[in-house]
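Some notes on the structure that comes next.
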Amino acid sequence: MGRSPCCEKAHTNKGAWTKEEDQLLIDYIRTNGEGSWRSLPKSAGLLRCGKSCRLRWINYLRPDLKRGNFTDGEDQIIVKLHSIFGNKWSLIAGKLPGRTDNEIKNYWNTHIKRKLLNHGIDPKTHRSINEPKTAPFQDVKSTFLKTKTSSESGASTSGTTIDEDLRLSTDGGRAVAG
DNA sequence: AACGCAATCAACCGCCTTCAC
DNA sequence: GGTGAAGGCGGTTGATTGCGT
């Protein structure tokens with residue numbers, strides 16, 4: 001007895017979006033705005049699940065998305081926020097204008113996670129893998145940040161708040177992204 | 001040049017939360 | 001207050017691309 005599917009799967013496309021589908025979605029949202037994702041596909045002439053439309057719009061089609069590589073500042077903010085919020089990607093994304101939860105999640109899993117592990121830090125707990133009892137996560141986190149800072153970015157993050165970092169990051173990000 | 005492997009990214013699935021009735 | 005529908009979120013998967021052998 002599973003729950004009822006969110007849409008008529010037999011009549012919906014799956015997989016990569018085509019340019020035509022993207023355009024239909026963009027045109028529809030520009031005209032009608034976001035909302036009522038369930039009925040959107042039908043109204044927009046799309047053979048897609050409403051959830052799929054929402055995801056596509058939020059993650060790739062929204063005009064305010066930054067795209068491109070993450071800056072060092074963003075990198076550090078993500079680590080900081082993750083140490084506070086855990087895998088609450090939408091919360092973290094909310095602190096990073098122009099970034100989506102999916103993007104951050106992917107970036108975490110592919111880049112940051114590995115970096116932390118290379119530094120001997122458990123990405124789940126932000127504690128040292130070797131010395132779990134003696135190394136408070138704050139210390140380990142700052143160790144990572146310092147190491148990263150000195151070796152990669154040259155920008156100091158010590159003593160700054162998340163908001164300050166954010167400001168620096170987004171300013172820098174725009175400057176870099178152009 | 002061809003093949004295999006690893007890394008990356010886009011998309012889907014299913015659960016949880018919120019909201020309207 | 002209970003119920004169902006819809007939206008939102010996080011985890012996971014599959015396809016594609018890049019790199020090394």
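By convention in this document, chain letters (A, B, ...) are assigned in the order of the sequence lines, proteins followed by strands, and residues within each chain are numbered from 1. Values below: every heavy atom of this structure, side chains too, minus hydrogens, waters and symmetry copies. Owing to the predicted nature of the structure, the values given are computational and were not obtained by experimental measurement.
In this model, a side-chain donor or acceptor of A:K105 finds a partner on the base of C:dG11 within 3.5 Å. You'll find a donor-acceptor pair under 3.5 Å spanning the side chain of A:K51 and the base of B:dG14, going by distance alone. Donor-acceptor pairing under 3.5 Å, judged by distance alone, is absent between the side chain of A:K88 and the base of C:dG10. A:N102 contributes a side-chain N or O that forms a donor-acceptor pair with the base of B:dA11 under 3.5 Å.
For the OP1/OP2 pair of B:dC12 and a distance below 4.0 Å, the side-chain nitrogens and oxygens of A:R48 include at least one atom meeting the criterion. Contact check, A:W89 against C:dG11: a side-chain N or O comes under 4.0 Å of OP1 or OP2. A sub-4.0 Å separation between OP1 or OP2 of B:dA7 and a side-chain N or O of A:T110 is absent. Proximity of A:R56 to the phosphate of B:dA11: a side-chain N or O atom is located under 4.0 Å from OP1 or OP2. The side chain of A:S90 places an N or O atom within less than 4.0 Å of a non-bridging phosphate oxygen (OP1 or OP2) of C:dC9. Considering only side-chain N and O atoms, A:S36 lies nowhere under 4.0 angstrom from the phosphate OP1 or OP2 of C:dA6.
For the pair A:H111 NE2 and B:dA7 P, the interatomic distance rounds to 11 Å; values are reported in whole Å. Rounded to whole angstrom, the span from the NZ atom of A:K14 across to the P atom of C:dG14 amounts to 10 Å. Look at CH2 on A:W57: it is 18 Å from C1' on B:dA10, rounded to the nearest Å. Atom C1' of nucleotide B:dA20 and atom CZ of A:R38 are separated by 15 Å, given to the nearest angstrom. Whole-Å rounding puts the A:R99 CZ to B:dA10 P distance at 12 Å. Between A:W37 atom CH2 and C:dA5 atom P there is a gap of 21 Å when expressed in whole angstrom units. When the P atom of C:dC9 is taken as reference, atom CD1 of A:I58 falls 7 Å away, rounded to whole Å. Atom NE2 of A:H82 is separated from atom C1' of C:dG11 by 12 Å (rounded to the nearest Å).
In the set C:dG11, B:dA11, B:dA7, B:dA7 carries the atom at the smallest distance from any side-chain atom of A:R114. Distances from the side chain of A:D101 to the nucleotides C:dG10, B:dA11, B:dT8 place C:dG10 closest. Minimum atom distance to the side chain of A:N87 is reached by C:dG11, of the listed C:dG7, C:dG11, B:dA11.
Within a 6.0 Å sphere centred on CG of A:N69, other residues, nucleotides and ligands contribute 12 heavy atoms or fewer.
Within 4.0 Å (heavy atoms only), A:Y107 reaches no atom of the nucleic acid at all. Residue contacts for A:N106: at a heavy-atom cut-off of 4.0 Å it reaches a base atom on one of the strands shown.
Remark: side-chain polar atoms of A:R54 are not paired, donor with acceptor, to backbone N or O of A:G50 under 3.5 angstrom.
Note on ring orientation: taking the six-membered ring where Trp is involved, the planes of A:F70 and A:Y107 are parallel (angle under 30°, cut-offs 30° and 60°).
Rounded to the nearest 0.5 angstrom, A:T100 OG1 and A:D64 CG are separated by 10.5 Å. Rounded to the nearest 0.5 Å, atoms CG (A:N87) and CD1 (A:I92) are 7.5 Å apart.
Follow the hydrophobic side-chain contacts under 4.5 Å out from A:L61 and you never reach A:L65; the two are in separate clusters.
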